[in-house]
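Please read these numbers as outputs of a predicted model, since none were measured by experiment. In each ligand, atom 1 is the first atom listed, and ligand 1 is the first ligand listed.
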Amino acid sequence: MPSFTLTHGSSTAEVYAHGATLTSWKVNGIEQIFLSKKAVLDGSKAIRGGIPLVFPHFGKREGSDLPQHGFARSSTWSVVDSSKPDVLVLQLTPEGVPEQLRKLWPHEFKLLYTVSLGSHLITTKLDVYNTAEDDAAKEWDFTVLLHTYLRVPKIETTHVAGLKGVKFTEKINGITDKEEEREQVTVAQEVDRIYSNVKLPLTVHTDSEILTVSKTTSFNDVVVWNPWVEKAKAMADFDDDEYKSMLCVEIGTVNEFIQLKPGKSWSGSQTLSAKI
Ligand code: BG6
């Protein structure tokens with residue numbers, strides 16, 4: 001599968017056409033993004049690691065036969081603009097979606113994904129268009145997420161700040177409406193939480209770095225995920241020990257569906273900036 005390299009000074013990034021998945025972002029040669037050594041990169045399945053794009057729904061959608069996290073991460077995106085070394089624009093229309101998945105979501109749409117690299121930061125922006133003619137029956141809805149896998153040197157000395165006071169749902173046991181009490185959110189077991197209506201930028205602290213995650217207000221929620229020991233073992237494309245060197249901090253709107261009328265669009269972006 002083709003991939004594209006972006007450069008800006010001493011920073012680089014790599015994005016695959018398959019799923020428009022960003023698989024690497026290096027600042028001064030230091031990798032910020034986790035990519036499993038078992039990730040399948042030939043286009044036969046979604047890439048395990050990087051920033052897979054979750055669209056048109058997060059998780060499984062009741063009443064839909066589409067797979068978990070939808071089809072965007074398993075589709076072939078095409079290049080719209082690669083004329084600058086530090087910007088890449090990719091596009092997905094129904095033609096790029098595998099036929100068996102397209103049939104399960106037969107709507108008219110276009111997604112544009114713009115990756116812009118700076119010296120210590122990277123912005124990933126998703127624009128969602130309902131390309132149908134003006135016909136009320138052709139309105140559709142979606143949830144969306146940038147499923148960012150951060151590479152961390154050691155999970156035990158990593159924490160996330162900025163979530164104190166935010167309500168969350170525990171996906172593992174379905175408990176809702178809990179409130180985060182910790183200033184520093186650490187991970188010492190499986191975690192799979194949807195934090196709702198997150199307003200502030202978050203910071204991810206490791207021994208050597210501080211990474212700031214900011215977003216536009218069109219993204220409401222943040223999922224924090226680490227599969228830990230047992231789930232890591234159960235994933236064919238994830239090595240048993242790799243849970244120790246990653247943390248997913250995923251910006252999205254997943255609690256409520258966004259309605260999109262024909263001719264309308266929605267846009268959301270995140271910026272990751274690294275202080276090394
Ligand atoms: C996270 C979900 O976003 O993605 C988890 O909250 C899920 O529940 C994880 O396990 C990985 O999903 P997948 O489909 O890539 O294995």
**Item:** Distance, nearest 0.5 Å, that separates CD of Glu14 from CD1 of Ile33
**Value:** 12.5 Å
**Asked** Which residue pairs satisfy the salt bridge (Lys or Arg N to Asp or Glu O under 4.0 Å) criterion with at least one member in residues 253-273, sequence neighbours excluded?
**Response** Glu139-Lys261
**Prompt:** Should the pair Trp105 and Trp140 be assigned to parallel (<30°), tilted (30 to 60°) or perpendicular (>60°) ring geometry?
**Reply:** perpendicular
**Lys/Arg N to Asp/Glu carboxylate O, Arg193 vs Glu180, below 4.0 Å** = yes
**Request:** Hey, could you give me each pair passing salt bridge (Lys or Arg N to Asp or Glu O under 4.0 Å) that has a residue in residues 84-112? Not counting sequence neighbours.
**Result:** Glu108-Lys138
**Amino acids contacting ligand 1, non-hydrogen cut-off under 4.0 Å** = Arg48, Phe58, Gln68, His69, Arg73, His147, Lys171, Asp192, Val223, Trp225, Glu250
**Message:** I'd like to check the side-chain contact (heavy atoms from CB on, under 4.5 Å) partners of Ile30; sequence neighbours left out, ordered by chain and number.
**Reply:** Gln32, Arg151, Glu209, Ile276
